[in-house]
Amino acid sequence: MTPPAILQDYRRLGVIGRDDLAAATVLVGMAAREGSPEPDLLAWLGLCLAVRTVRDGHTCVDFDRIGDWAAGLDPATDVALDWPLSATPWLAALQAIPALVGQPGQRRPFILDGHRLYLGRSLAEEEAIASAVMQDGCRRVQILLGGPGTGKTTKVARDLVDRMAQLPAGQRPPRLALAAPTGKAASRMTDVLRARCAEAGAAPEVVAAVTAEPARTVHKLLGYNPAAKQPFAFHAGNRLPHDLVIVDEASMLSSSLMHHLLVALAPDAEILLVGDPDQLASVAAGTVLGDIAAFRAEAFASHPLHGRIEELTTNHRAQHAPGIVALAQAIRQGDPEATIAVLESQPADVTWVEPGSSSAFNELTSTVVAHAERLCQAAAGGHPDDVLRTQAKLQVLCGHREGSFGVAGWNARIESRLGIPPAKPWYAGRPVMVTRNNRSLALFNGDVGVTVPVAGGSSRLEAVFGQPGQTVRVPISRLEDVATVHALTIHKSQGSEYDHAVVVLPERPSRIVTRELLYTGVTRAKSRVTVVGSRAVIEAAVSRPIRRATGLTARMS
């Protein structure tokens with residue numbers, strides 16, 4: 001079946017994509033062969049938008065907010081293109097093709113649940129999450145929220161130590177699983193939790209029980225193998241063998257991955273989700289931690305989930321970096337005036353560089369290049385701990401990948417100043433990030449390393465990964481999927497900390513640059529943050545929270 005030609009106008013405006021239209025066309029054609037009537041224009045658009053939801057981070061299309069999906073279309077001026085702002089005509093158009101669009105409980109490619117349109121799988125996953133969280137009055141679920149520096153890992157460690165200490169003599173300690181969305185976050189989780197347990201005065205046997213299994217990615221915990229007929233080794237028919245699963249950086253878990261984790265829990269197992277709901281959500285669809293965090297509000301005081309949420313608000317870094325804390329708080333509260341006021345007050349730990357100030361920008365560039373030179377010098381020295389400590393002292397974090405102010409521009413600028421020829425991809429002191437999981441090397445997407453000369457005076461290079469005191473060396477010949485990261489995206493920085501974070505925003509406001517993006521970038525800094533961006537771009541970012549459409553909060557209410 002050939003879709004209406006006018007859909008190409010919507011595609012050119014970015015409302016729908018080529019792949020969205022192609023997928024919808026296939027499904028409509030299959031339904032037509034079974035005698036289904038042809039969709040009208042609004043139904044075609046609704047189906048294409050539903051296919052697009054996963055790519056845009058939504059789990060559904062919310063027709064009560066259908067203006068959010070208009071993209072480059074202005075309903076007030078593009079009068080030749082139909083885009084009602086009321087849900088009623090959209091719902092009527094979709095209900096007219098029941099072979100494609102069903103109701104909850106039916107097996108259809110698309111499900112209309114109230115005023116929300118889902119892909120059938122997305123609705124099933126959201127319903128399963130809600131059921132698992134609400135099971136037994138939410139008694140299996142505990143949520144610990146807090147921003148950077150509020151002591152979340154310390155709280156987890158102390159609670160675990162207390163729990164182990166209160167076990168009756170001879171009773172087996174609970175089988176723990178520690179997990180995080182990325183390999184880097186998982187590695188850091190194990191190290192920090194072990195240190196915090198020691199600080200809490202835990203007995204050696206308690207520390208051993210808490211860290212008996214190192215933290216793993218959630219995918220690895222679930223035994224993910226995309227080539228297998230059943231991609232997850234642990235699922236509803238083969239439950240995880242753990243009594244308590246603790247997930248750090250839970251804001252980065254997508255709706256689909258959270259679903260697979262929750263359904264794989266043993267019937268009597270508990271789960272603790274730890275994270276900051278104000279940080280960037282998963283790259284994939286859903287904002288599960290944010291949806292759950294909504295129940296911390298007093299309006300939900302009588303809801304069983306309200307009492308399962310604990311939020312830490314005291315920032316223990318405030319005495320060391322009060323400017324960073326004040327800036328993060330202003331951004332988190334969505335207050336552009338307060339954000340600009342902090343930047344203009346020029347606290348010792350916060351610097352604001354406006355793109356129009358060439359002298360300030362050049363000075364910043366020199367600072368960044370000087371750090372890259374120190375990293376090359378440390379790499380030449382060959383001591384892995386020194387190299388990794390040097391790398392973590394400063395990091396450029398960009399809102400965009402491309403352009404002069406993006407990752408590509410900054411990496412090219414720094415390597416040019418270092419005198420690295422474009423034809424020489426490998427050199428001692430090159431910071432690299434793994435961009436695809438490599439199970440044979442135990443390296444995961446997001447792991448950062450630095451190239452150093454092979455010990456013994458050889459001209460060959462290898463890369464050192466890990467943390468000071470726990471490093472892994474890998475010959476560069478075995479590194480297949482890596483990228484240079486003198487600069488990296490703010491998305492890729494989640495779960496990391498740097499002494500000095502240089503947060504670079506694009507030259508013009510962008511829908512990609514949101515409150516959560518800016519907050520995440522700023523809170524990567526431990527001692528100093530530099531924000532590069534115009535007043536207009538910063539104010540627009542602070543005023544633009546991520547609005548992902550999901551029905552999870554309403555479903556659990």
Side-chain angles (χ1 to χ4, degrees), residues 145-155 185 188 192 248-249 251 274-280 311-355 357 360-361 363-364 367-368 371 389-399 410 487-505 513-535 537-545:
L145 307 176
T150 53
K152 298 188 296 296
T153 307
T154 299
K155 168 70 175 170
R188 185 171 176 272
V192 175
D248 198 11
E249 300 287 353
S251 65
V274 183
D276 182 356
D278 296 306
Q279 286 190 31
L280 284 165
E311 185 171 17
L312 305 179
T313 57
T314 301
N315 194 311
H316 302 289
R317 296 180 190 163
Q319 58 181 324
H320 305 296
I324 295 174
V325 173
L327 180 60
Q329 184 69 4
I331 297 168
R332 180 175 179 266
Q333 292 175 344
D335 191 335
E337 292 183 0
T339 301
I340 295 297
V342 174
L343 292 171
E344 289 182 331
S345 68
Q346 299 181 358
D349 53 330
V350 176
T351 301
W352 181 19
V353 175
E354 297 190 74
S357 174
F361 187 81
E363 182 179 347
L364 172 63
T367 299
V368 172
H371 169 260
R389 289 192 186 98
T390 301
Q391 194 278 329
K393 287 185 181 299
L394 184 147
Q395 181 65 59
V396 178
L397 307 173
C398 300
W410 271 95
L488 72 157
T489 63
I490 295 173
H491 275 91
K492 286 289 190 181
S493 74
Q494 281 190 271
S496 300
E497 292 181 333
Y498 312 98
D499 292 347
H500 182 184
V502 178
V503 181
V504 184
L505 303 180
V513 182
T514 62
R515 180 185 305 167
E516 291 82 359
L517 187 91
L518 182 55
Y519 172 83
T520 300
V522 166
T523 54
R524 299 310 90 203
K526 292 193 293 184
S527 305
R528 183 174 186 79
V529 67
T530 297
V531 178
V532 182
S534 68
R535 177 187 294 264
V537 169
I538 293 169
E539 289 179 339
V542 175
S543 302
R544 184 187 294 110

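Proximity of a side-chain donor or acceptor of Lys526 to a complementary backbone N or O of Tyr498 within less than 3.5 Å is not detected. Between the side chain of Arg544 and the backbone N or O of Val513, at least one donor-acceptor pair lies under 3.5 Å. Judged by distance alone, with hydrogens and angles left aside, the side-chain atoms of His491 form no donor-acceptor pair with the main-chain N or O of Leu517 at under 3.5 Å. With hydrogens and angles ignored, the 3.5 Å screen pairs a side-chain donor or acceptor of Arg528 with a backbone N or O of Ala348. Arg524 places a side-chain N or O within donor-acceptor distance of the main-chain N or O of Ser496, the cut-off being under 3.5 Å.
In the model, Arg515 has no side-chain atom that pairs as donor or acceptor with a side-chain atom of Ser543 under 3.5 Å. No side-chain N or O of His320 forms a donor-acceptor pair with one of Ser527 less than 3.5 Å apart.
Rounding to the nearest 0.5 angstrom, the gap separating the CD atom in Gln494 from the OG atom in Ser251 is 5.5 Å. With values rounded to the nearest 0.5 angstrom, Thr339 atom OG1 is found 8.5 Å from Ile538 atom CD1.
Residues Val522 and Val503 come closest through the heavy atom pair N-CG2, 4.0 Å. The two residues Asp335 and Val542 have their closest heavy-atom pair at N-CG1, 3.5 Å. Residues Ala328 and Tyr519 come closest through the heavy atom pair O-CD1, 3.6 Å. Here the closest heavy-atom approach between residue Pro277 and residue Gly275 is recorded as CD-O, 3.8 Å.
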Please determine whether ring pair (Phe, Tyr, Trp, His ring centres under 6.0 Å) holds for the pair Trp352 and Phe361, giving the CA-CA distance in whole Å, both sets of side-chain angles, and the decisive distance to 0.1 Å. CA-CA 10 Å; Trp352 181 19; Phe361 187 81; over 10 Å; no
What do the steps show when you test Cys398 against Val504 for side-chain contact (heavy atoms from CB on, under 4.5 Å), and what is the final call? CA-CA 5 Å; Cys398 300; Val504 184; 4.2 Å; yes
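Atom CD of Glu344 sits in a crowded spot, with more than 12 heavy atoms from other residues, nucleotides or ligands closer than 6.0 Å. The environment of Glu363 atom CD is sparse: at most 12 non-hydrogen atoms of other residues, nucleotides or ligands sit within 6.0 angstrom.
A heavy-atom distance below 4.5 Å is not found between the side chains of Leu397 and Lys492.
Ionic pairing of Asp278 and Arg332 is present here: one or more N-O contacts between side-chain nitrogen and carboxylate oxygen are shorter than 4.0 angstrom.
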